[in-house]
Every structure is written in structure tokens, then in C-alpha cells.
Amino acid sequence: MDLGYSDEDEAFRAEIRGWLEEHLAGDFAALKGLGGPGKDHEAIEERLAWNRHLAEHGWTGVGWPKEHGGRGLTLWQQVIFHEEYARANAPARVNHLGEELLGPTLMAFGTKEQQERFLPKILAVEELWAQGYSEPGAGSDLANVQTKARLDNSEWVLDGQKVWTSNAHFSQWLFVIARSEPGSERHRGLSFLLVPIDQEGVDVRPIEQLTGGSEFNEVFFTQARTAADLVVGEPGDGWRVAMALLGFERGVSVLAQVVGFARELRTVVDVARDNGALDDPVLRDRLASLDVELEVLRWQALRGLSADGGADDDGAASVFKLAWANWHKRLGEVAMEVRGLDGLVAAESTADAPYVLDDLQRLFLFSRSDTIYGGSDEIQRNILAERVLGLPREPKGASQK
Ligand SMILES: Cc1cc2nc3c(=O)[nH]c(=O)nc-3n(C[C@H](O)[C@H](O)[C@H](O)COP(=O)(O)OP(=O)(O)OC[C@H]3O[C@@H](n4cnc5c(N)ncnc54)[C@H](O)[C@@H]3O)c2cc1C
């Protein structure tokens with residue numbers, strides 16, 4: 001595979017680097033490093049303003065085709081954009097779910113009306129989206145979705161409950177999978193619906209996390225309504241749309257994740273240098289191992305993106321998820337070792353929060369969830385065992401026929 005960047009790509013790198021230097025300044029400079037996993041509740045309004053600033057200058061939907069209002073960058077230019085964005089420590093974007101997941105799904109499955117109605121507002125960061133997939137009884141086993149949707153003249157009416165719905169408390173819309181054919185089972189009879197949040201039938205209740213913040217929510221539907229034409233794909237064929245959306249999750253932004261990890265590792269090393277923890281040869285060894293493994297992760301990510309990275313069913317996506325999630329979890333553990341006993345105590349408490357964590361404490365606690373979301377470790381191993389190694393399928397429970 002050829003990973004050499006062309007002169008044109010390097011010119012693009014200089015352009016985006018220069019733009020970020022010039023614009024991530026003044027009031028926006030204070031936003032550096034804010035947001036992202038474990039911190040997505042931070043400075044929402046200010047980050048929204050920054051995101052709209054990006055939009056005004058054409059830096060949202062950079063990989064979207066021009067016909068849908070995007071910048072139409074090549075794959076490697078998108079990689080460069082995300083690398084430079086992460087390198088500049090720019091704040092995490094607030095509409096990741098709309099831009100990276102729903103947008104491409106609407107381009108692939110949406111009607112022209114749906115595309116015209118929703119895509120411009122995603123690009124302009126005027127409407128934010130949340131993902132209503134998981135339910136109390138449907139997480140890893142997503143086909144067990146119980147939320148019901150029925151057509152009532154010109155509207156869908158929804159009843160049921162979603163859970164772990166990230167960012168729903170500051171979003172305007174949800175994309176939801178719901179059972180629209182009574183008596184249907186598993187992946188049959190589901191529909192993929194676009195549901196406005198600001199209505200009486202939708203109750204969003206934030207869940208307080210271990211890290212002290214509330215990034216995700218329970219969402220209750222009680223006769224919630226959405227227009228009949230806001231179904232993506234055919235009614236009853238929502239599973240296909242829902243799975244295609246998950247495929248977009250493994251996009252080019254994984255490279256940005258690796259750049260972010262490198263920054264976190266550097267912070268841990270700096271703290272270890274300052275507090276003397278680096279004198280411990282075992283800890284030095286673990287930090288060096290993390291550095292080496294991170295380089296392997298970077299190449300794995302590049303391989304996944306390159307043309308000969310292999311089709312999905314070669315298991316590369318599952319191997320990568322297992323690798324980065326466990327690397328990051330170990331980084332959190334090493335960070336706490338570096339902090340020593342001091343790391344056990346929260347720096348402060350406020351009227352709003354019983355404890356306020358510093359970056360390394362938050363890294364440790366939030367990274368516990370890395371091996372759960374986006375498909376848990378066990379589920380990734382099941383995929384590798386069954387689809388790649390061809391081992392016998394695991395016995396299903398009574399509800400999983
Ligand atoms: C930070 C975070 C953000 C999230 N954001 C969203 C969101 O925005 N929208 C959304 O819809 N969901 C979201 N989720 C939910 C996430 O997708 C689920 O947590 C995940 O799919 C696991 O489902 P579950 O929590 O119901 O656990 P379960 O599926 O109940 O699993 C519990 C345990 O059993 C194991 N297990 C389950 N089935 C098997 C099996 N067949 N074989 C072996 N082991 C098994 C799992 O690996 C896990 O260890 C988020 C989760 C987290 C942690």
C-alpha cells in the first residue's frame with residue numbers, strides 16, 4: 001500500500017494547519033482540549049459557536065461529496081484534516097453523530113426530500129443528532145429492540161425506552177430503531193425513524209456517570225410522534241439501514257483518535273517525569289510498551305483505511321476495536337500508577353459536582369467503558385470466532401432464535 005502523501009496533500013496539510021493556527025485563537029483558544037469521550041458535556045455553547053465557525057468556513061462535512069454540500073476531500077486529505085485537527089488540540093466537535101453517521105446514511109438510503117431537509121442543517125451545525133439504538137434489554141443483542149412504532153394516519157407513534165443515548169440532552173433529533181411490525185422478531189419488522197426530541201412524548205433523563213458528568217441519557221417515548229415520511233429506507237427494513245450506519249462509525253476519524261491517544265500518553269509521561277515516577281524501571285517499561293503499541297495501532301488504522309486493507313469480513317475492524325480499546329484502558333491504569341496515592345483523591349468538589357476530576361483521573365474512569373461501547377470485547381471476539389475463523393456459532397438463548 002502506498003502511504004506517501006502527494007505534494008497536493010502536503011499543500012492541503014499546510015492550508016488546514018495554517019487555518020487552525022489563525023482561527024483557534026482569541027476566545028476560541030480557551031476551548032483547546034475540551035469535549036470528547038468523558039468530557040462531552042464541557043462548554044457546549046462555546047463549542048457550538050466554534051463548530052458553526054468551522055461550518056461558515058467550509059470545514060464541516062469535509063468528506064461529504066460536493067453535491068451534498070460537503071468539501072469533497074479525498075480519503076487521505078480527510079485523514080490529514082483529522083490529524084491536524086487533533087494535533088491542534090481543537091475542541092471535540094459536537095455533531096459527530098449527525099456528521100459522521102446519520103449524514104452518510106441519509107446520502108445512501110434517504111429520499112431526496114430527507115436529504116434536502118436534513119443535510120444542510122447538519123453541515124451548518126443547526127441541528128444536533130443522537131443515536132437511539134440501545135435499550136435496557138437490547139445492547140449487544142440489538143435485534144431484541146422492543147420500542148414500538150405504529151402508523152397513525154400521517155404520523156408514526158412511538159412507545160418504549162432507549163438508554164445510554166449520548167448527547168440527547170442537547171440534541172434536537174434522534175435516529176431510532178423501533179419495531180413497526182407487531183409480532184415480528186429479531187431483525188425483521190424494524191424501522192429506522194427520525195424523531196424530533198422537543199415534544200411532549202419524549203422525556204430525556206440524563207444519567208450521572210462515574211466521571212461525575214452526564215453525557216448519556218435514558219429516553220422515554222410515550223406516544224411520541226414523527227411524520228410518516230421520516231422513515232429512512234422501507235418501513236420494516238430498518239435493520240439494514242441501522243447496520244449500514246454502524247459501518248460508517250469506522251471512518252477516517254480513527255486516525256484523529258490515535259493522535260489524541262498520543263497526546264494523552266505524552267501527558268502521562270510528563271507527569272511521571274515531574275513526580276519522579278519514571279525512576280521506577282517497571283513503569284518506564286510499561287510506558288515504552290504503550291508507545292510502541294500506539295505506533296502499531298497507527299499503522300493498523302492506516303491499513304484499515306487503505307485500499308488493500310481488506311474487506312470488512314477479514315475482521316480488521318474487530319481486531320482494531322479490541323486493540324485500541326484495551327490499549328486505552330491500560331493507559332488509564334498506568335496513568336493512575338504514575339499518579340500514585342495522590343491519584344485516589346479528587347482535586348475538589350463544587351456545589352454542582354461532588355467531585356471534580358483531573359484529566360488523568362477522568363481518563364482512567366472513562367476508559368473503563370472503551371471495551372463496552374461500539375461493540376464490547378466479547379462481541380468482537382464472537383465476530384472473529386464465527387465470521388473469520390469459522391468456528392461454530394454460539395448457542396443462542398431462548399429469545400435469540
Ligand atoms: C460511553 C457510552 C456511550 C454510549 N452511547 C450510546 C448511544 O449514543 N446510543 C446508543 O444506542 N447506545 C449507546 N451506548 C450503549 C452501547 O452500545 C452498549 O452499552 C453496548 O452495546 C453494550 O450493551 P449493554 O450495555 O446493554 O450490555 P449487554 O449487552 O447487556 O452486555 C453485558 C455484558 O455481557 C457481555 N455479552 C453480551 N452478549 C454476549 C454474548 N453473546 N457473548 C459473550 N458476551 C456477551 C457483554 O460483552 C458485556 O460484557 C453507549 C455506551 C457507552 C458505554
Side-chain angles (χ1 to χ4, degrees), residues 35-41 92 94-102 105 128-147 158 160-171 173-178 186 190 192-195 197 202 204-221 238-239 241-243 245-246 248-250 257 318 321-322 324-326 328-329 332 362-387 391-401:
K39 308 191 289 180
D40 240 7
H41 57 289
V94 279
N95 203 9
H96 156 79
L97 294 167
E99 198 178 319
E100 312 269 343
L101 300 187
L102 184 69
T105 306
L128 305 186
W129 286 84
Q131 177 179 24
Y133 277 24
S134 302
E135 299 184 0
S140 304
D141 184 19
L142 198 56
N144 196 35
V145 162
Q146 300 298 323
T147 291
L158 286 89
Q161 184 197 344
K162 297 290 172 181
V163 72
W164 315 127
T165 323
S166 301
N167 302 350
H169 51 307
F170 58 74
S171 296
W173 287 85
L174 284 161
F175 49 91
V176 171
I177 23 179
R186 311 297 303 155
L190 299 169
F192 189 103
L193 300 170
L194 309 176
V195 181
I197 293 179
V202 178
V204 176
R205 299 184 199 166
I207 298 173
E208 193 173 321
Q209 293 167 215
L210 192 61
T211 45
S214 292
E215 288 170 16
F216 44 43
N217 305 269
E218 293 178 291
V219 178
F220 293 86
F221 301 116
W239 184 255
V241 181
M243 291 302 108
L245 179 138
L246 292 182
F248 294 120
E249 216 158 5
R250 303 187 287 269
Q257 195 182 11
S318 292
K321 172 75 209 315
L322 279 166
W324 77 251
N326 286 283
H328 201 225
K329 208 159 143 181
R362 197 184 299 107
L363 162 68
F364 170 65
L365 291 178
F366 190 82
S367 61
R368 311 315 289 173
S369 70
D370 288 334
T371 49
I372 301 172
Y373 70 86
S376 69
D377 271 14
E378 290 78 10
I379 295 303
Q380 303 300 344
R381 291 198 186 97
N382 280 352
I383 292 172
L384 291 170
E386 294 174 12
R387 294 191 208 156
L391 300 180
R393 292 182 74 82
E394 69 164 28
K396 299 287 181 195
S399 67
Q400 294 172 267
K401 285 170 204 136

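Bear in mind that the values here come from a model prediction, so they are computed numbers and not experimental data. Read the numbers this way: they start at 1 and go in the same order the structure lists the ligands and their atoms.
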Do the non-hydrogen side-chain atoms of [X] and [Y] ever get within less than 4.5 Å of each other?
| X | Y | result |
| --- | --- | --- |
| L101 | W129 | no |
| H41 | F170 | no |
| L102 | W173 | no |
| V204 | E218 | no |
| V163 | I207 | yes |

Kindly identify the option in G375, G374, A242, S140 whose heavy atom sits closest to atom 37 (C) of ligand 1.
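Ranked by closest heavy atom to atom 37 (C) of ligand 1, first place is S140.
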With respect to atom 16 (C) of ligand 1, which of A385, A130, G132, S134 exhibits the smallest heavy-atom separation?
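It is S134 that holds the nearest heavy atom.
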R381: heavy atom below 4.0 Å from ligand 1, yes or no?
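Distance cut 4.0 Å: R381 fails for ligand 1.
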With a cut-off of 4.0 Å, which atoms of ligand 1 are near a heavy atom of Y133?
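Listed by number with element: 11 (O).
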Atom indices of ligand 1 within 4.0 angstrom of G139 heavy atoms, with elements
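Those atoms are 21 (O), 23 (O), 24 (P), 26 (O), 29 (O).
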Backbone, side chain, both or neither: what part of [X] comes under 4.0 angstrom of ligand 1, heavy atoms only?
| X | result |
| --- | --- |
| L142 | neither |
| D377 | neither |
| E215 | neither |

Identify, with sequence neighbours excluded, every residue that meets side chain to side chain donor-acceptor pair (under 3.5 Å) alongside Q209.
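With neighbours one apart ignored, the set is T211.
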Under the side chain to side chain donor-acceptor pair (under 3.5 Å) test, residues paired with K321 that sit two or more places apart
none
Any N or O on [X] sitting closer than 3.5 Å to an N or O of ligand 1?
| X | result |
| --- | --- |
| Q131 | yes |
| S369 | no |
| N382 | yes |
| S376 | yes |
| S166 | yes |

Output for pair (N167 CG, L174 CG), nearest 0.5 Å, gives 11.0 Å
Q146 side chain to G137 backbone, donor-acceptor under 3.5 Å
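Not a single qualifying donor-acceptor pair exists.
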